[in-house]
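What follows is a short report on a single structure.
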Amino acid sequence: MPNIKSAKKRVKVSEKRTAQNKAHKSALKTALKKARTTQGDDQAVMVQQAIQKVDQAAAKGLIHKNNAARKKSALAKLAQQA
């Protein structure tokens, strides 16, 4: 455990950010899974929502921009097939 006040704060902030990042990444994975598993008219809506989540994750630095581009490309292909 740190003794210096600023180090104690960094530990608390780091734990908070880690929890937020984990929640955002989990929401991203859920959106991607829903987009892949949904059928019919709902799939187009789910794909759009998943693409939006991917963009947000890339903007926040949760995933790399190339990873985001790859995921969006796969979602676009999925939307074309339906």
Taking only residues two or more places apart in sequence or in another chain, which ones pass side-chain contact (heavy atoms from CB on, under 4.5 Å) with [X]?
| X | answer |
| --- | --- |
| K72 | I51, V54, D55 |
| A7 | P2, I4 |
| Q56 | Q52, K53 |

Straight-line distance of [X] [atom1] to [Y] [atom2], nearest 0.5 Å:
| X | Y | atom1 | atom2 | result |
| --- | --- | --- | --- | --- |
| K12 | K9 | NZ | NZ | 9.0 Å |
| Q43 | L75 | CD | CG | 9.5 Å |
| R70 | N67 | CZ | CG | 4.5 Å |

For residues 25-41, which side-chain N or O atoms pair as donor and acceptor with protein atoms under 3.5 Å away, sequence neighbours left out?
{"residue": "T30", "atom": "OG1", "partner": "S26", "partner atom": "O", "Å": "2.9"}
{"residue": "T37", "atom": "OG1", "partner": "K33", "partner atom": "O", "Å": "2.9"}
{"residue": "T38", "atom": "OG1", "partner": "K34", "partner atom": "O", "Å": "2.4"}

Report all side-chain donor-acceptor pairs from residues 14-21 shorter than 3.5 Å, counting only partners two or more places apart or in another chain.
{"residue": "R17", "atom": "NH1", "partner": "Q20", "partner atom": "OE1", "Å": "2.6"}
{"residue": "T18", "atom": "OG1", "partner": "S14", "partner atom": "O", "Å": "2.7"}
{"residue": "N21", "atom": "ND2", "partner": "R17", "partner atom": "O", "Å": "3.4"}

